[in-house]
Asks: 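Pasting in a structure now, in structure tokens, and then I'll have a few things to ask.
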There are 2 protein chains.
Amino acid sequence: MDKQFKINAFRTGLAKFVTFEESEWEILTQYLSFSTLKKKEHFVVEGKVCDYIAFIIQGAVRHYHVKDGQEITGYFCFENELVSAYKSFVKRVPSTNFIQALEETQLVLIAYADLQKMLNHPLLALKMERFGRLVAEYYICCFEDRLNAFVTQSPEERYTVLEKTAKDIFQRVPQHYIANFLGITPVSLSRIRKRTLILKD
Amino acid sequence: MDKQFKINAFRTGLAKFVTFEESEWEILTQYLSFSTLKKKEHFVVEGKVCDYIAFIIQGAVRHYHVKDGQEITGYFCFENELVSAYKSFVKRVPSTNFIQALEETQLVLIAYADLQKMLNHPLLALKMERFGRLVAEYYICCFEDRLNAFVTQSPEERYTVLEKTAKDIFQRVPQHYIANFLGITPVSLSRIRKRTLILKD
DNA sequence: TTTAATCCTTATCTTTTGTTAACGTTTTCA
DNA sequence: TGAAAACGTTAACAAAAGATAAGGATTAAA
């Protein structure tokens, strides 16, 4: 997987937010860097300011907290998605969680400092501000849905919805991570699965 | 409370995102409108596209869903905050929830169509894109915290945190709304309060 | 001011979840 | 390849939450 392939995939992935002119793209690509995470390698660690936002070319990561010595997985990201510890990245404060590769993961990176340069670059500023706005709006919509699920649905309902809308996640992510993601314990998810399986007959 | 007072309060409230030059402000203020919601009046109703984003000069609102004929309150907004059904507003899709005034509420409004005009206005575009980005980033951070609370904390812990960080909300909002906000039933919140009260001795 | 509606608490009972531990299977890696 | 770690299920018990209903207090409205 060569660099040009990654750059092209990145450009395609950004198309749902903004499309860059050739001249703009030439500037932007100068600020990109690349990284490969091995399985279990960390992209973000607790206590450190997150300095990058990344686009996932290939692979998957999980966000997790450590509470009472236990890991609690709060979110997943897969290929063609952006990933960062947003609050840490945006506000320049230490991250409260880890982000770790679930598989070998290919990333295109934009450093915070470089993003600021682009936001101040006369030929790029407007497009980059729009890009940032649209990305943030996109995640607001995702988070709004996820928050609504916690407020209005039971764990079992959240599981059922996930099983319908993103079945493939169960083939790709250990079930006890998914349990945390749904706001419950692995044991409880196992019971819910048994319950709902019987109902399917 | 006259219009000029509201405009000034609005400007002050936006200062944490961007500060507008006089020339910019003159243009922007031409796109503002104003509204007063009586208690229980709706700012957004389910099924309709939300056409406004609003700044709360005075008052309070709640977001709620209707599920099985029951209202479930998911979020509150108070003075000096922005309020909208973001997903509906941004994506131009029907809102899945209601937003209703908890008290008489004074709003400064920006219509979606006018916001687009400003985003395309040569003298305003850059500043407005930035404004939009920073607002969206701000809410991402809020939502991230709230999501983490649902994943990593028990209902009792969420209550305890709220009681420590926003005690005043209990003086202002009916407790059964707060219960929903915490992801539990009013009966359960009442029990948690009793439990934690005893522990305080 | 009287009536109705809203709200919080409490009690009872049911259901669900959390906790801990055991077991067998699969995966990892030394 | 062989030992260790990771994973999912199940069981048993405790703790918490949901559902329903009743009672009393406060608030709103006719």
Asks: Got a sec? Which of residues 170-180 of chain A come in under 4.0 Å of DNA chain C, heavy atoms?
Replies: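 Here the set is empty: none.
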Asks: Search all heavy atoms of A/Leu37 against all heavy atoms of A/Phe43 and return the closest pair with its distance.
Replies: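 That would be CD1-CB, 3.8 Å.
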Asks: Check each of B/His176, B/Gln100, B/Arg62 against B/Thr73 using the side-chain hydrogen bond (donor to acceptor under 3.5 Å, both in side chains) test, and report the only one that passes.
Replies: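 That would be B/Arg62; it is the only one of B/His176, B/Gln100, B/Arg62 passing the side-chain hydrogen bond (donor to acceptor under 3.5 Å, both in side chains) with B/Thr73.
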Asks: For B/Phe131 and B/Phe20, take the angle between the two ring planes, folded into 0 to 90°, and tell me which bin it lands in: parallel under 30, tilted 30 to 60, perpendicular over 60.
Replies: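 If you compare the ring of B/Phe131 with that of B/Phe20, the planes turn out perpendicular.
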Asks: Between A/Tyr86 and B/Phe143, is the ring centroid distance below 6.0 Å?
Replies: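 Not close enough - the centres of the two rings lie 6.0 Å or further apart.
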Asks: Any idea how B/Phe17 and B/Tyr138 line up, ring-wise: parallel (<30°), tilted (30 to 60°), or perpendicular (>60°)?
Replies: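 Taking B/Tyr138 first and then B/Phe17, their aromatic rings stand perpendicular (interplane angle over 60°).
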Asks: 5' to 3' on DNA chain C, which nucleotides open and close the contacts with chain A (atom under 4.0 Å from a heavy atom)?
Replies: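 Footprint of chain A along DNA chain C, 5' to 3': C/dT17 to C/dT28.
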Asks: Output one letter per nucleotide in nucleotides 16-30 of chain D: B when a protein non-hydrogen atom lies under 4.0 Å from the base, S when only the sugar-phosphate is that close, - when neither is.
Replies: -BBBB-------S--
Asks: Under 6.0 Å from the six-membered ring centre of B/Phe78 and within 45° of its axis: does the NZ or CZ of B/Arg172 meet both?
Replies: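 So B/Arg172 doesn't make the cation-pi contact.
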Asks: Between B/Glu144 and A/Lys87, does any side-chain N to carboxylate O distance fall below 4.0 Å?
Replies: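 Salt bridge between B/Glu144 and A/Lys87, a charged N being under 4.0 Å from a carboxylate O: no.
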Asks: Would you mind checking if A/Arg11 and A/Glu22 are paired as a salt bridge, meaning a charged N to carboxylate O distance below 4.0 Å?
Replies: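 So A/Glu22 pairs with A/Arg11 through a salt bridge.
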Asks: Using a strict 4.0 Å threshold on nitrogen-to-oxygen distance, state whether A/Glu46 and A/Lys67 make a salt bridge.
Replies: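 Salt bridge: no.
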Asks: Mark yes or no: B/Arg146 above the aromatic ring of A/Phe150, with NZ or CZ under 6.0 Å from the six-membered ring centre and no more than 45 degrees from the axis.
Replies: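 Cation-pi check for B/Arg146 and A/Phe150: fails.
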